Novice: 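Quick one: the structure is below, and I'll ask about it shortly.
In the text below, chain A, chain B and the rest are named by the order of the sequence lines, each starting its count at 1. This one's a predicted model, so the numbers in the text were calculated from it and none came from an experiment.
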Amino acid sequence: MTEQLLPALTTLLEPSVLLAVFTGTIGGILVGAIPGLTATMAVALLIPVTFGMNPAAGLALMGGVYSGGMYGGAISAILLSTPGTPAAAATSFDGYPLARQGKGGMALAVATVASFWGGMLSTAALLLLAPALARFSLRFGAPEYFLLSIMGLASIVTLTKGNMVKGLLSGVLGLLLATVGMDPLSGYLRFSFGVVELYDGISFMPALIGLFSVSQILELTAESRILQEVGADPATLKREPLPKGLAPTILRGGLIGTLVGMLPGAGATISAFISYNVAKQLSPKPETFGKGNPVGVAAAESANNGCVGGSLIPLLTLGIPGNSVAAALMGGLLIHGLIPGPELFTRFGAVTYGFILSLFLANVLFLVLGLTCAPLFARVVRLPNALLIPAIAVLSVVGSYAINNALFDVWLMLAFGATGYFLDRAGFSLGALVLGLILGPIAELGFGQSLIMSDGSWRIFFERPLCLLLWLLIAALLIPAFRKPRRAKASA
Amino acid sequence: MRRTTSDGLFGAAGLALAATVALAATGFPERADAAVRYLYFLSLVLGLLSLLLVSQSLLRSRRAAEKAASASVEWIRAPRLFLGTLLAMLCYAWITPHLGFFPASFLFMLCLGWFLGFRKPLLLLGGTAGLLAFIWLVFVRFLAVPVPGGPWG
Amino acid sequence: MKRTFLWCAVAAFLLSLPFAAFGAYPEKPVTLIVASEPGGGTDTMARLFAKFAEKYFPQPFVIENRPGAGGQIGFEALARAKKDGYTIGTLYTPHVAAHISAKRAKYTLEDFVPLFNFVSDPGVVVVNAASPFKTLEDLVTAAKDKKLNGSTSGPGGDDFFALTQLNEAAGIEIKSVPEKGSSGQKAAVLGGHVDVGFMNWSQIKPNFQSGEIRILGIMTPERTAELPDVPTCLEQGYRVISDSSRGFAAPAGVSEEVLKALDETFRKVLDDAEFQAAAKEQLEMNVLDGPAYKAYLEELLTVTDKAFEKEPW
């Protein structure tokens with residue numbers, strides 16, 4: 001490998017490649033921050049464009065879009081509670097309250113730093129440990145996926161503020177909504193009422209935009225500004241020092257992101273939720289989560305950017321893309337005749353390692369850009385709601401339409417928005433609902449596949465070593481959650 | 001509305017939903033038996049949790065009655081603005097395919113902004129035009145991602 | 001930087017203002033409905049075509065992704081599109097026929113004018129390199145003794161049809177473990193979580209070349225030029241013939257003039273050396289012109305009709 005790095009570095013330093021990283025990252029941040037535009041879309045669009053470019057520049061461009069896109073989602077999630085990408089949903093739990101308290105600039109800086117380290121860590125893993133990690137990822141079969149989704153669902157307990165019954169109900173409602181559409185095992189159409197847009201299930205992005213963004217603007221109609229502290233001094237908006245003690249959270253988040261990102265079908269959204277859950281369970285003050293704790297932002301953001309490197313591990317070594325962006329990237333590799341596998345690291349080493357190094361550069365780039373622009377972006381919360389509400393509504397409409405080019409999704413989004421508003425008012429947890437909606441299909445498919453594989457025996461979930469490990473982790477995540485409410489009640 | 005009453009109502013709705021889902025699942029063909037079992041399981045959990053919520057609300061409502069209306073749900077804080085915004089968004093979604101995305105958005109942003117109390121016409125016009133130009137650049141120009149169409153784009 | 005960017009944008013915009021042209025088709029950009037998500041195989045095929053068509057067609061082809069319901073949303077949108085020649089779209093098999101067989105589709109094959117098939121990706125029976133099965137015979141013998149699992153892409157897809165065909169031809173009962181998408185299938189086969197996988201050649205090409213998997217049989221009538229050493233299922237005594245193809249179609253009812261212009265464009269793109277180079281590694285090209293494509297689709301429909309009668313999805 002070392003002998004490949006030097007030529008790779010020279011490739012990277014070519015002006016065309018540097019320009020590609022730069023353009024890609026900036027474009028990625030933009031695409032990531034706008035709801036409904038995804039990095040997958042941007043990469044797919046670039047595939048034919050990169051054909052005429054030299055492979056190193058083409059890949060660097062796409063890598064920049066991927067890294068920047070994953071980071072960009074945080075900006076709108078924090079400032080407007082409108083996750084630009086699903087993976088940033090967990091970022092808004094603490095980021096948005098921070099923005100409302102006038103600490104949006106700080107929250108953005110935390111997100112930037114966390115994304116940076118998450119990305120660096122996972123890219124380092126990609127550079128140094130790819131083959132070993134890829135072999136490990138293959139040990140995840142259907143039963144493990146099922147348990148992973150249970151582990152994600154365990155976060156419902158932490159997402160719930162207040163009444164646990166309502167939190168669990170929200171999660172189950174999400175799982176139930178996730179059963180709409182084609183049964184993955186038999187192909188039977190459930191609850192789709194002949195509406196072809198529902199055959200594949202409820203489209204996730206419109207639901208997310210509705211629940212988070214539309215319900216939020218309905219809430220904001222009663223206020224004049226997002227910023228709650230009327231007297232918040234613009235000067236403090238500009239420069240608030242980064243809180244200390246984030247390093248362990250970011251490190252854990254990066255690791256979780258890398259590991260979960262490697263698994264095809266799991267992905268950045270789930271890793272962000274799991275990381276958020278872990279951070280809350282380990283925190284000495286779990287009750288501050290969801291009310292504007294920067295640790296929550298750091299946990300979610302380090303994990304979703306950790307997925308960037310993670311998802312490329314099985315892609316480059318085995319040709320198994322970890323998620324849809326990686327799948328589109330594979331098209332970009334193939335068009336240059338770069339076929340995933342061992343040869344990528346030997347014969348095409350200069351290009352491959354150049355690509356990996358360009359990811360480091362993309363991370364540095366969004367770090368610099370993000371930290372410089374954070375205070376600028378943060379000013380958006382000082383705009384009057386009379387301007388912001390229509391603007392967010394327009395972005396929500398065009399964003400939910402763009403995912404599938406379907407007007408149906410716009411109505412879906414509005415329905416989720418209005419329902420979400422009332423559920424939120426009644427004390428239900430929209431975060432738990434979203435989690436159920438994401439994890440439902442994975443849980444159901446994993447469960448069904450496992451039982452086919454084991455011929456109906458439940459033992460399959462307890463016999464495999466990795467399953468046992470996952471059960472332990474699930475227990476470790478759940479126990480503190482059930483202990484704490486009692487203590488809190490006792491003190492109340 | 002008191003929170004306990006609201007909880008009771010949502011619990012009842014949950015029970016009804018659970019029953020509907022379970023009933024619908026009985027009509028699935030035999031090859032989808034795995035899906036049927038999964039839905040039974042989910043509706044069972046939903047039913048139990050809803051029952052728990054209902055009983056919680058009944059138990060607590062007695063106690064809460066004495067504590068007066070301390071725990072009440074405020075459904076809508078600013079009814080006029082809330083309903084106006086909701087209505088505007090529904091109209092917007094309805095009119096978009098007829099007018100096309102950009103004209104519809106332009107109208108929507110101006111009207112809703114004015115309705116919500118923004119009284120600087122030039123700024124409102126500028127902000128609207130700016131956002132729409134931005135969307136046009138990113139969606140249409142650079143990414144060639146379609147926006148809802150109509151006779152005038 | 002920001003300013004340069006802006007200037008570039010303005011310049012690009014001015015340059016792209018359409019020059020006034022009246023009369024002959026095409027006067028404006030042609031929408032190309034892609035019935036799948038951005039980044040997939042069908043999407044890449046369409047985007048490559050659109051890029052190289054720029055050279056031969058006076059107007060751009062604008063991609064519109066209409067994913068969902070196994071392509072059905074996109075196919076229906078194409079069938080219902082205006083017949084003015086400014087909308088064409090992609091078809092892929094077996095889904096386009098499978099939806100008709102399942103009586104879910106609100107279109108029939110008569111709603112399309114098949115233009116050109118580009119890709120056909122033969123099905124393959126694959127096992128992990130560490131698997132004890134060396135031939136299809138080994139697999140069938142083992143399947144008679146114990147329960148085996150086979151990874152497929154789910155009900156109503158080509159992999160599932162292939163598995164059903166093998167089960168029927170050999171009188172065995174390999175169970176289908178459905179996955180969502182080929183990456184899950186690949187992981188299941190490479191991780192040894194299933195006994196066998198029913199996949200498509202392009203999906204496992206890299207893994208075959210690096211020796212991680214073995215192909216027990218290819219589901220073409222005859223051996224392919226690319227894999228001369230891989231026996232077909234047919235020559236091993238099991239009638240399993242399956243592939244997944246991707247091509248282009250226009251809605252029925254467009255004028256002859258339009259069809260002629262499109263047909264010419266497709267032919268020119270297919271002859272383009274650069275296009276061929278770009279398509280080489282990722283599209284399993286198998287060109288069928290309009291009439292041949294139409295015949296292929298009609299034959300497929302009889303196969304999926306039969307499959308649905310036996311085992312609905």
Novice: Check each atom of C:Ala188 against the heavy atoms of chain A and say whether the ones under 4.5 Å are side chain, backbone, both or neither.
Specialist: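 Neither part, no heavy atoms under 4.5 Å.
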Novice: Which pair of heavy atoms, one from C:Lys147 and one from A:Ile452, lies closest together, and at what distance?
Specialist: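 Answer, listing the atom of C:Lys147 first, then A:Ile452: NZ-O, 2.6 Å.
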Novice: Can you tell me which portion of A:Glu197 sits under 4.5 Å from chain C's heavy atoms? Options are side chain, backbone, both or neither.
Specialist: both
Novice: State, yes or no, whether a side-chain contact exists between A:Pro184 and C:Pro178 at a heavy-atom distance under 4.5 Å.
Specialist: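 No - every pair of side-chain heavy atoms lies 4.5 Å or more apart.
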Novice: Please identify, among C:Arg104, C:Glu37, C:Gln209, the residue contributing the most non-hydrogen atom pairs under 4.5 Å to chain A.
Specialist: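 Of the candidates given, the most pairs with chain A belong to C:Arg104.
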Novice: What part of A:Leu198 is in contact with chain C, defined as an atom under 4.5 angstrom from a non-hydrogen atom: side chain, backbone, both or neither?
Specialist: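 It is neither, since no heavy atom gets under 4.5 Å.
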Novice: Could you tell me which residues in residues 311-320 of chain A have at least one non-hydrogen atom under 4.5 Å from a non-hydrogen atom of chain C, sorted by residue number?
Specialist: A:Thr317, A:Leu318, A:Gly319, A:Ile320
Novice: Is chain C contacted by the side chain of A:Met182, its backbone, both, or neither, given a heavy-atom distance below 4.5 Å?
Specialist: side chain
Novice: Using non-hydrogen atoms only, which part of C:Ser182 is less than 4.5 Å away from chain A: side chain, backbone, both, or neither?
Specialist: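 For C:Ser182, neither part sits under 4.5 Å from chain A.
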Novice: Answer with side chain, backbone, both or neither: which region of A:Val43 has an atom nearer than 4.5 Å to a non-hydrogen atom of chain C?
Specialist: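 Neither part.
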Novice: Where on C:Glu76 is there a heavy atom nearer than 4.5 Å to chain A: the side chain, the backbone, both, or neither?
Specialist: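 For C:Glu76, the contact with chain A is made by the side chain alone.
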Novice: Considering heavy atoms only, which positions within residues 400-411 of chain A lie below 4.5 Å of chain C?
Specialist: A:Ile403, A:Asn404, A:Asn405
Novice: Which region of C:Lys180, side chain (C-beta onward) or backbone (N, CA, C, O), has a non-hydrogen atom less than 4.5 Å from a non-hydrogen atom of chain A, or is it both or neither?
Specialist: both
Novice: For A:Ala44, what residues pass the side chain to side chain contact (heavy atoms under 4.5 Å, CB included) criterion, not counting sequence neighbours?
Specialist: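 For A:Ala44, the residues satisfying side chain to side chain contact (heavy atoms under 4.5 Å, CB included) (neighbours in sequence not counted) are C:Pro38, C:Asp43, C:Arg47.
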Novice: What part of C:Lys186 is in contact with chain A, defined as an atom under 4.5 angstrom from a non-hydrogen atom: side chain, backbone, both or neither?
Specialist: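 Both parts, backbone and side chain.
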Novice: Of the backbone (N, CA, C, O) and the side chain (C-beta and beyond), which part of A:Pro264 lies under 4.5 Å from a heavy atom of chain C, both, or neither?
Specialist: side chain
Novice: Using atom types as modelled, flag every donor-acceptor pair under 3.5 Å from a side chain in residues 441-448 of chain A to any protein atom, sequence neighbours excluded.
Specialist:
from: A:Glu444; atom 1: OE1; to: A:Arg190; atom 2: NH2; distance (Å): 3.2
from: A:Glu444; atom 1: OE2; to: A:Arg190; atom 2: NH1; distance (Å): 2.8

Novice: Sort out for me which of C:Ala69, C:Ala102, C:Gly41, C:Ser151 touches chain A most, counting heavy-atom pairs under 4.5 Å.
Specialist: C:Ala69
Novice: Any donor-acceptor pair under 3.5 Å linking the side chain of C:His193 with the backbone of A:Pro143?
Specialist: no
Novice: Heavy-atom distance under 4.5 Å to chain C: side chain of A:Tyr145, backbone, both or neither?
Specialist: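 No part of it gets close to chain C.
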Novice: So which part of C:Phe160 gets closer than 4.5 Å to some heavy atom of chain A, the side chain, the backbone, both or neither?
Specialist: neither
Novice: Less than 4.5 Å apart, any side-chain heavy atom of C:Asn149 and any of A:Gln449?
Specialist: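 No, every pair of side-chain atoms sits at 4.5 Å or beyond.
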Novice: Taking A:Ala142, A:Ser203, A:Ser186 one by one, which has the highest count of heavy-atom pairs under 4.5 Å against chain C?
Specialist: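 Winner by heavy-atom pair count: A:Ser186.
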Novice: Hey, which of C:Leu48, C:Leu283, C:Thr44 is the one that makes side-chain contact (heavy atoms from CB on, under 4.5 Å) with A:Ile335?
Specialist: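 Filter result, single survivor: C:Leu48.
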Novice: With a 4.5 angstrom heavy-atom cut-off, is it the side chain or the backbone of C:Glu64 that approaches chain A, or both, or neither?
Specialist: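 Interface part for C:Glu64: both.
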